[in-house]
2 protein chains.
Amino acid sequence: MVQDSIRVLQAHGHKLTKPRRLVLEVLEENEKPLSPYDIQGILRTRGKYLNHVTIYRTLDLLCNLNLAHRMLSSGGFIKCSLDSTEGCHRFMVCQNCGAIQEFADKELCQEENDFAQNFGFHTEHHLSEFSGFCSQCYRKQPQLAE
Amino acid sequence: MVQDSIRVLQAHGHKLTKPRRLVLEVLEENEKPLSPYDIQGILRTRGKYLNHVTIYRTLDLLCNLNLAHRMLSSGGFIKCSLDSTEGCHRFMVCQNCGAIQEFADKELCQEENDFAQNFGFHTEHHLSEFSGFCSQCYRKQPQLAE
DNA sequence: AGCTAATTGCAATATTGTTGCATTTAGCCT
DNA sequence: AGGCTAAATGCAACAATATTGCAATTAGCT
Ligand SMILES: [Mn+2]
Ligand SMILES: [Mn+2]
Ligand SMILES: [Zn+2]
Ligand SMILES: [Zn+2]
């Protein structure tokens, strides 16, 4: 919900502006990653103009608050679809249809922390992207996954 | 070793050219991620000029062969420091000094695969970046990690 | 309603990435 | 060793993405 993001935004002392609400709305509606200029384009088709600088700055802010993420695979931005996963953001990216599913798992985090600990590394944040095939694409075109 | 990468390169039917060797050497020497233009700059200080297009194309190739990776955190490229980890590339990134340590773990992969399977997702590749503090930075400035 | 720090838009610039095509070259074959 | 050719490079032009400083606007407060 856009409303939830707005709450977080304000809880951190940021203002709720029209541009920020518009960007949040676009991210909310799109399950696939969007570039800053994608967002600008989508808004333009609705008669809403935002300067790209504003969009960049908004996305920066949202990423800092973990309300959005930048995907490694595409470089585009996507809304964080989970709450209270501070420090753990995991994505399954279908290499066929591009669909993205975010998930989180405390046990996985724990195991990863332990593993890194062996190197003397103290983990604060976990970020991962698994690429493969979503259930639909796997069923439809199993040969792709050979 | 640059030599190892060259072998992989040739095993896939690609030519070993001067530009490719130069890029491999630069990646080999630098433990931190470099952008294409960084690489060009480094080479220039040695009197070696490479067109940026060539560097882009070389990095593309190296990434496709899993001889290099593009880091999520910085966007820069870094040499893959492990062999035979086809489909699994994990990094610990020190948020203080920027040092990067690559590692891999089959068990972790298995658990992640199983987890994704619950969503009907068939995982092919694992990519992850953990950010935190390397042993040195953690010792020196424990307050940073609070 | 008025105040003010935060935010936005604008303009200019910088950086990063792509494409088509002529030239060069690595690896192979005499 | 010298020639052949597909692969790779460099160049030029362009396209897309990203950053900065500053003046104008505005959200959230009193
Ligand atoms: Mn998230
Ligand atoms: Mn690797
Ligand atoms: Zn799919
Ligand atoms: Zn460190």
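Every heavy atom of this structure was used, including side-chain atoms; hydrogens, water molecules and symmetry mates were not. Just so it is clear: chains get the letters A, B, ... in the order the sequence lines come, proteins before strands, and each one is counted from 1.
Among all heavy-atom pairs drawn from A:Phe130 and A:Phe103, the shortest one is CE1-CZ, 3.4 Å.
Projected onto DNA chain D by closest heavy-atom contact, B:Val53 and A:Arg57 fall at different nucleotides, the more 5' of which corresponds to B:Val53.
Contact check for A:Asn51 versus A:Ile55: no side-chain heavy atoms found under the 4.5 Å cut-off.
Under the 6.0 Å cut-off for aromatic ring centres, A:Tyr37 and A:His52 qualify, their centroids lying closer than that.
Judged purely by atom type and a 3.5 angstrom limit, B:Lys79 has no side-chain atom pairing as donor or acceptor with the backbone of B:Val2. With hydrogens and angles disregarded, no donor-acceptor distance shorter than 3.5 Å links the side chain of B:Glu129 to the backbone of A:Leu127.
Under 4.0 Å is where a charged nitrogen must lie from a carboxylate oxygen, and between A:Arg7 and A:Asp4 at least one such pair does. The residues B:Arg46 and B:Glu29 are annotated as salt-bridged, a charged nitrogen and a carboxylate oxygen being separated by less than 4.0 angstrom.
Protein chain A contacts DNA chain C over a range whose 5' and 3' limits, counting nucleotides with an atom under 4.0 angstrom from a non-hydrogen atom, are C:dA5 to C:dA11.
Side-chain N/O atoms of A:His52 and base N/O atoms of D:dT19 include a donor-acceptor pair closer than 3.5 Å.
Distance B:Leu62 CG to D:dA8 C1': 14 Å, rounded to the nearest Å. Residue A:Leu22 contributes atom CG, which lies 12 Å from atom P of D:dA27 at whole-angstrom precision. Between the CG atom of A:Asn51 and the P atom of D:dA23 there is a distance of 17 Å, given to the nearest Å. The CG atom of B:Asp60 sits 15 Å away from the C1' atom of D:dT9 (whole-angstrom rounding).
Contacts between residues 9-18 of chain B and DNA chain C, defined by a heavy-atom separation under 4.0 Å, are made by B:Gln10, B:Lys15, B:Leu16, B:Thr17, B:Lys18.
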**Report entry** Audit row: B:Arg90, B:Glu112, salt bridge (Lys or Arg N to Asp or Glu O under 4.0 Å) steps and yes/no
**Finding:** CA-CA 13 Å; B:Arg90 302 173 188 280; B:Glu112 288 172 353; 2.8 Å; yes

